[in-house]
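The chain is numbered in sequence order, starting from 1.
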Amino acid sequence: MVDHSGWRVGVASAPVHHGEILQGVFTGDGGLTRGLVTLPCTIHATRATFIPAPGAEVTVSPDWKGKARRAAELAVRAVTPPGDELPGGHLDLTGDVPLCRGFGSSTSDVLAAIWAVKDAFVSPLPPQDVARIAVRAETASDSLMFEESTVLFAQREGTVIEDFGYPMPALRVLGFGSRPEGGGRGVDTLTLAPARYGQDEIDLFTRLQAMLREAIQMKDVALLGSVATTSTEINQRHLPIPDLDRIRDIARTTGAVGVQAAHSGDIAGLLFDRDDPDVEARTGLAQDLLQELGIHEQWNYTTGD
């Protein structure tokens with residue numbers, strides 16, 4: 001007989017990200033590995049409800065959210081004591097996350113599912129375990145489960161290459177659709193082959209990792225912006241942003257600290273120092289200049305909000 005006394009309706013909300021500050025190939029414990037540093041984002045979220053039920057079947061609504069269902073199944077196994085009968089349940093997902101844009105919609109679904117199961121069974125599930133479950137559920141994951149610190153994350157292994165020890169310095173992000181001709185349709189990430197990097201680029205990633213470490217520890221937003229811009233420029237060979245040179249001109253004109261992009265999506269952003277007393281004027285001018293460039297799909301937010 002399964003003891004249901006500890007069960008309850010689990011609820012959770014998971015954030016999204018705004019592409020990456022840095023993405024490439026880095027040296028980990030086992031040699032070279034792909035890794036990324038996610039840019040947090042507050043403008044979209046996924047909400048999940050998990051209702052435990054007897055029997056081992058897990059169902060999901062909408063029914064096409066197969067990765068989230070798989071994540072809930074794996075999370076149920078992780079929180080069930082050895083020898084106990086596996087329960088099932090129903091997972092319900094709602095949210096406003098655009099698909100295929102670079103907001104990490106899949107990871108947001110998966111993370112909300114895992115956290116809702118954790119809440120339903122009132123069970124501890126540390127971020128490292130959540131990361132491993134997320135990767136098993138969706139093959140590659142973003143690092144949204146690490147809420148207290150910025151990490152360089154091996155997205156296909158679900159492991160941390162380096163924990164930088166602190167949250168990312170606060171930024172004002174002016175986001176935009178970087179490929180206006182696409183009409184906001186996004187990028188089919190499943191058709192994207194993993195980027196292949198030359199040795200010069202691999203060496204540069206090592207230097208960028210060190211620069212980002214310093215930027216986060218010293219709260220140096222200008223240095224962080226420089227890392228993001230260089231990473232965006234490297235990605236031009238793999239998923240180019242139209243008019244990047246003119247976008248960089250806008251960044252210089254308006255005093256942005258850098259340009260960042262989703263390395264497997266069609267969103268990008270101009271980064272500003274949140275604490276700059278002129279940040280509102282700078283952001284407003286950048287919005288107008290992007291409009292003149294034909295980039296009308298825009299939004300802005302502050303990291304940490």
Side-chain angles (χ1 to χ4, degrees), residues 15-24 26 35-43 102-104 142-144 146-153 160-176 178 204-236 241 244-263 265 267-290 295 298-305:
V16 297
H17 67 82
H18 199 273
E20 290 76 36
I21 289 291
L22 174 62
Q23 182 166 329
F26 305 89
L36 53 79
V37 177
T38 291
L39 176 61
C41 183
T42 58
I43 60 176
F103 286 110
D142 298 297
S143 58
L144 297 173
F146 295 94
E147 299 179 287
E148 304 300 323
S149 182
T150 305
V151 299
L152 176 58
F153 185 67
V160 173
I161 301 169
E162 180 177 357
D163 184 342
F164 294 111
Y166 299 93
M168 194 172 293
L171 298 163
R172 171 66 63 83
V173 181
L174 173 55
F176 54 91
S178 65
L204 179 54
F205 286 132
T206 299
R207 297 195 295 274
L208 291 173
Q209 180 180 350
M211 290 169 60
L212 186 57
R213 182 186 308 122
E214 179 181 349
I216 290 171
Q217 292 177 352
M218 302 303 295
K219 303 187 185 306
D220 187 335
V221 292
L223 186 58
L224 185 147
S226 179
V227 171
T229 301
T230 302
S231 186
T232 298
E233 290 169 343
I234 293 171
N235 199 52
Q236 279 295 94
I241 295 174
L244 180 60
D245 287 343
R246 296 175 69 184
I247 291 169
R248 289 193 61 196
D249 286 342
I250 292 173
R252 284 189 288 267
T253 298
T254 59
V257 298
V259 181
Q260 67 83 216
H263 288 58
I267 62 172
L270 294 176
L271 307 178
F272 295 87
D273 182 351
R274 181 201 64 179
D275 297 327
D276 182 341
D278 296 322
V279 66
E280 294 294 342
R282 295 184 188 281
T283 305
L285 176 58
Q287 288 175 313
D288 292 342
L289 294 175
L290 287 173
I295 297 175
Q298 301 179 23
W299 50 88
N300 69 79
Y301 71 97
T302 302
T303 60
D305 283 355

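The two residues A261 and I241 come nearest to each other via the heavy atoms CB-CD1, 3.6 Å. Nearest heavy atom pair, residue A262 against residue G102, reads CB-CA, 3.8 Å. For the residue pair F153 and I161, the shortest heavy atom distance occurs at C-CD1, 4.3 Å. Across every non-hydrogen atom of L270 and A251, the tightest pair is CD2-CB, 3.9 Å. Taking each heavy atom of Y301 and P40 in turn, the nearest pair found is OH-O, 2.7 Å. Taking each heavy atom of L289 and T253 in turn, the nearest pair found is CD1-CG2, 4.1 Å.
Panel note: side chain Q260, backbone G269; a donor-acceptor pair is recorded below 3.5 Å. Side-chain N or O atoms of T254 include none that pairs as donor or acceptor with a backbone N or O of R282 at under 3.5 Å. Looking only at distances, a side-chain donor or acceptor of T232 sits under 3.5 Å from a matching main-chain atom of V259. Listed for the R274 side chain is no donor-acceptor partner under 3.5 Å among the backbone atoms of R172.
Contact annotation: the side chain of L290 approaches that of L174 to within less than 4.5 Å [non-hydrogen atoms, C-beta and beyond]. Inter-residue side-chain proximity for F176 and I247 is flagged as met; some heavy-atom pair is nearer than 4.5 Å. D142 has its side chain within reach of L36: a pair of non-hydrogen atoms, C-beta onward, lies under 4.5 Å apart. Looking at L39 and M168, their side chains come closer than 4.5 Å, going by heavy atoms from C-beta outward. Side-chain contact between R248 and E233 is present, with heavy atoms from C-beta onward closer than 4.5 Å. Within the 4.5 Å cutoff, side-chain heavy atoms of P169 are placed close to those of I216. A 4.5 Å side-chain heavy-atom check between L171 and L224 finds at least one atom pair inside the cut-off. Residues F164 and L152 are in side-chain contact: their nearest non-hydrogen atoms beyond the backbone lie under 4.5 Å apart.
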Enumerate donor-acceptor pairs with a distance under 3.5 Å from any side-chain N or O in residues 207-214 to protein atoms, sequence neighbours excluded.
residue	atom	partner	partner atom	Å
Q209	NE2	E162	OE1	2.7
R213	NE	E162	OE2	2.6
R213	NH2	E162	OE1	3.0

Output, in order, the C-alpha distance, side-chain angles, deciding distance and verdict of side-chain contact (heavy atoms from CB on, under 4.5 Å) for I21 and L271. CA-CA 10 Å; I21 289 291; L271 307 178; 4.0 Å; yes
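In this structure, I234 CD1 and F205 CZ are separated by 4.0 Å, a value rounded to the nearest 0.5 Å. Rounded to the nearest 0.5 Å, atoms OG1 (T38) and CD (E20) are 5.5 Å apart. With values rounded to the nearest 0.5 angstrom, L223 atom CG is found 11.0 Å from Q217 atom CD. D278 CG to T283 OG1: the interatomic distance, rounded to the nearest 0.5 Å, is 10.0 Å.
A donor atom on one side chain and an acceptor atom on the other are found under 3.5 Å apart for H263 and S231.
Judged as a salt bridge (charged side-chain N to carboxylate O under 4.0 Å, His left out), the pairs with a partner in residues 251-261 (not counting sequence neighbours) are, in order, D249-R252.
Aromatic ring orientation, H18 versus F103: perpendicular (interplanar angle above 60°, classes split at 30° and 60°).
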